[in-house]
There are 2 protein chains.
Amino acid sequence: MKKRTTIDDVAREAGVSRQTVSRAINGMDGISPNTRDRVMEMVSEMGYQPSRLARGMAGSSTQTIGLIIGNITNPAHAEIFQCLYNLADAEHYNVLLRNTNYEKELELKAVQSLIAENVDGLVILSPTLDSEELAQFSDEDCPIVVIHRAISAKNISSIVTDTSRATKSVVEYLMGSGHECIGLVTRTGELSTIRHFEGYQQAIVMRGLPNCPSLIEQEEITMRGGYLATHRLLKQNPNLTAITTYNDLMALGAIKACQELGRHVPDSVAIFGYNDIPFASFCTPTLSTIRIDGEEVGKRAFQRIKEMIARPEVEFPPAVLDIDLVIRESTNRQ
Amino acid sequence: MKKRTTIDDVAREAGVSRQTVSRAINGMDGISPNTRDRVMEMVSEMGYQPSRLARGMAGSSTQTIGLIIGNITNPAHAEIFQCLYNLADAEHYNVLLRNTNYEKELELKAVQSLIAENVDGLVILSPTLDSEELAQFSDEDCPIVVIHRAISAKNISSIVTDTSRATKSVVEYLMGSGHECIGLVTRTGELSTIRHFEGYQQAIVMRGLPNCPSLIEQEEITMRGGYLATHRLLKQNPNLTAITTYNDLMALGAIKACQELGRHVPDSVAIFGYNDIPFASFCTPTLSTIRIDGEEVGKRAFQRIKEMIARPEVEFPPAVLDIDLVIRESTNRQ
DNA sequence: TAAACTGTCGTGAGCGTTCACGTAAGCGAA
DNA sequence: TTCGCTTACGTGAACGCTCACGACAGTTTA
């Protein structure tokens, strides 16, 4: 049975007090350079690692941030996680993950449980909870950063892209390429789809095209979901020549559905994705999509949560990220 | 400043002692049904949640398992994580993730840091560390389950598939379809590739075909890696008609490379993957691959780590999982 | 009837830190 | 000298639990 090396062990060996060791390892002042060196040498000699549990108990920080993620299996989410993780890890933060499968109940529980775990901050990467549901956590003293949903309140801040404008650009691009009957494949629920609708309809209306409800299909956010929705869409609207989707996964499913129905992509149907996951440039045909820089998102989210931890009284406005249309084969009609 | 509800608060309100509350919430005996009910009612009324930090400090378990993962961006890994996570979460375990990018140094540090965090157990999902490197952790009293590498020692156990046999089956299948010049695209490093080589060569030799080193290319485990390796492979061996790969990601890259080089898949080159990630059945052409049930892997890993936590003295033999060949379009020559 | 046991509960200590103090030495200024 | 300030430490308490006990009924056993 191995016994853990504690701060007291180090203190004893170095011939100083507990507190002095603490001062040394935490870079606090009130300690002379000489003693600091001596202590630090002892620390590495004895292989001492402070216990995060004890630190969390005694101090105010657990050096842990919670991350709630809708589905880690979604490559767009995974990329953001990875980047956020790397930054956090570099600053000795632990990342505590909760995979919620986009379920509202689970997500609410996840927020509560993470706060109860004394995380220093919380990042939410899932389009499930709405502003009101989030607002109830304003009074817990745990800063929250929400990704992809604009909200800013006490202790709550966000990193967003302009989904509405992006979707509008996509539809305008498709109309510019001569498409007049454009379908929308999006997720179930209202929450983040509303921006999606918004952009879609703005573009349609501006162009004076008919705003037809049968051109919209909703499904779960997976390849299978995109596949099913597209099947329905094309059955109801055989004259449809383009589809814009909620994300790349649904787009990949859409391509599959088109192929099964004998509708060539892009010659018979153009498909537009959202996110630019790695597969988008490796599939056949390669996928036109909205590029969101996952690395940038992860970086901003981490920076923001750190700022909020450091200055809890400040209220931060949403950070809006740029997006680009990436045109590839799936919309490139001959 | 919100104050946390502690076990003492509950005890006071319920008119019992701390320890009695502890007995109630932990389902220990030495408490009458009446008091238990009364305490539990008070617990939910006050919204009391025990502090994992304090539990970890005071008790022997932190209810946390560590998971080291090579690259969470790899869908095969993500699936296993998700399943393991779900099971762990259902039993109130936290999962502490470390993403190591397959780097040996990071991975060794990750193991040490997780042990220092007092995790109850550790699961390693990465083909990076070899048996000797792992063996040094036998003496820490923290059970370790290694996925995809056969090893069993004190405190160390594993969940594996027979990569060698699987690869052999693939090559035999390809030869059975008339292929005589078969390339191998695998990862850099020796560790898990050795089983890959083994199966490949066994099949080749049994058939009496020449064992040509130029038919093997190594790269990083990504689509891009598979893409680059395949480019080199086809340049050096234009007469090659089939490629078997380390995993589906590399296979997807291989398909891309073939398309760029004007080699039709499967008519000119057949491609075989490994893992059966969701994209394998949604890409074009759909990918023939080895099916590994990620859900089963995650389940076994979690069950095993729980067994090891419960009975630290027992040494478990590797659990070997079944695999299947899944034949799809990418090897289906007309 | 005394002794031993069983069921139910409470108490003190300890886990490994940080925090808010207290203290002693050294130095300069009034 | 005397006071105050700074620098460099040390000390006790606290964080919220679990663990190993101890205590005290009530019930069985010898």
Side-chain angles (χ1 to χ4, degrees), chain A residues 1-40 42-43 46-64 92 94 115-120 141, chain B residues 1-40 42-43 46-64 92 94 115-120 141:
Chain A
M1 189 70 180
K2 242 180 172 174
K3 204 77 176 63
R4 183 189 188 97
T5 309
T6 75
I7 199 171
D8 283 310
D9 298 333
V10 178
R12 197 180 334 104
E13 294 298 315
V16 295
S17 77
R18 213 179 339 147
Q19 183 61 17
T20 298
V21 177
S22 179
R23 274 188 269 258
I25 60 178
N26 292 315
M28 314 184 335
D29 47 37
I31 182 176
S32 75
N34 279 342
T35 9
R36 165 163 286 140
D37 289 349
R38 192 153 41 90
V39 169
M40 290 313 282
M42 200 39 105
V43 163
M46 299 178 72
Y48 166 70
Q49 272 195 280
S51 152
R52 201 182 299 252
L53 293 176
R55 281 188 152 165
M57 281 248 65
S60 49
S61 153
T62 52
Q63 286 289 108
T64 301
H92 306 292
N94 263 349
I115 290 175
E117 303 254 353
N118 299 300
V119 294
D120 293 346
D141 78 321
Chain B
M1 188 69 181
K2 241 181 174 174
K3 204 76 175 62
R4 182 187 189 100
T5 308
T6 74
I7 199 172
D8 283 309
D9 298 333
V10 178
R12 198 180 334 104
E13 293 299 315
V16 295
S17 77
R18 215 178 337 145
Q19 183 61 16
T20 298
V21 177
S22 178
R23 276 188 268 257
I25 59 178
N26 293 315
M28 315 184 334
D29 46 38
I31 181 176
S32 75
N34 279 342
T35 359
R36 164 163 288 139
D37 289 348
R38 191 155 41 90
V39 169
M40 290 312 282
M42 198 42 99
V43 163
M46 301 178 70
Y48 166 69
Q49 272 196 280
S51 152
R52 201 181 298 254
L53 293 176
R55 280 186 153 165
M57 283 248 62
S60 49
S61 154
T62 52
Q63 283 291 107
T64 300
H92 306 292
N94 263 349
I115 291 176
E117 303 255 354
N118 299 301
V119 294
D120 293 346
D141 78 321

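Throughout, a chain's letter reflects where its sequence line sits, starting with A, and its residues are numbered from 1.
- For A:Gln19, there are no side chain to side chain donor-acceptor pair (under 3.5 Å) partners, not counting sequence neighbours.
- Protein chain A touches strand DNA chain C; the 5'-most and 3'-most nucleotides with an atom under 4.0 angstrom of its non-hydrogen atoms are C:dG16 to C:dA20.
- Atoms CE (B:Met57) and C1' (D:dC17) sit 10 Å apart, rounded to a whole Å.
- Here the side chains of A:Asn26 and A:Arg55 are in contact, with some heavy-atom distance below 4.5 Å.
- Atom P of nucleotide D:dC17 and atom CD of B:Gln63 are separated by 15 Å, given to the nearest angstrom.
- Annotation: proximity of residues 10-23 of chain A to DNA chain C (heavy atom, distance under 4.0 Å) is found for A:Arg18, A:Gln19, A:Ser22, numbered in ascending order.
- Listed by chain and residue number, nothing satisfies the side chain to side chain donor-acceptor pair (under 3.5 Å) test with B:Arg23 (two or more places apart in sequence, or in another chain).
- When the C1' atom of D:dG16 is taken as reference, atom CZ of A:Arg55 falls 19 Å away, rounded to whole Å.
- For the pair A:Asn118/A:Thr64, no side-chain contact is recorded, criterion being any heavy-atom separation below 4.5 Å from C-beta on.
- The backbone N or O of B:Ala116 lies less than 3.5 Å from a partner atom in the side chain of A:Arg4, making a donor-acceptor pair.
- When the P atom of D:dG16 is taken as reference, atom CG of B:Asn26 falls 17 Å away, rounded to whole Å.
- Note on residues 5-21 of chain B: pairs passing salt bridge (charged side-chain N to carboxylate O under 4.0 Å, His left out), not counting sequence neighbours, are B:Asp8-B:Arg18, B:Asp9-B:Arg12.
- Toward the 5′ end of DNA chain C lies the nearest nucleotide of B:Ile31, the other residue of the pair A:Ser51 and B:Ile31 mapping further downstream.
- Residue pairs meeting the salt bridge (charged side-chain N to carboxylate O under 4.0 Å, His left out) criterion with at least one member in residues 29-39 of chain B: none, sequence neighbours excluded.
- The shortest distance between side-chain heavy atoms of A:Asp120 and A:Gln63 falls below 4.5 Å.
- Between B:Leu53 atom CG and D:dT18 atom C1' there is a gap of 14 Å when expressed in whole angstrom units.
- Here the P atom of nucleotide D:dA8 and the CZ atom of A:Arg38 are 13 Å apart, to the nearest Å.
- Within the nucleic acid shown, A:Gly30 comes within 4.0 Å of at least one base atom, counting heavy atoms only.
- Rounded to whole Å, the distance from CG on B:Asn118 to P on D:dT18 is 16 Å.
- Closest approach of A:Tyr48 and A:Ile25 over heavy atoms only: CE2-CD1, 4.0 Å.
- Using a 4.0 Å cut-off, some side-chain N or O of A:Ser32 falls inside it from OP1 or OP2 of D:dC9.
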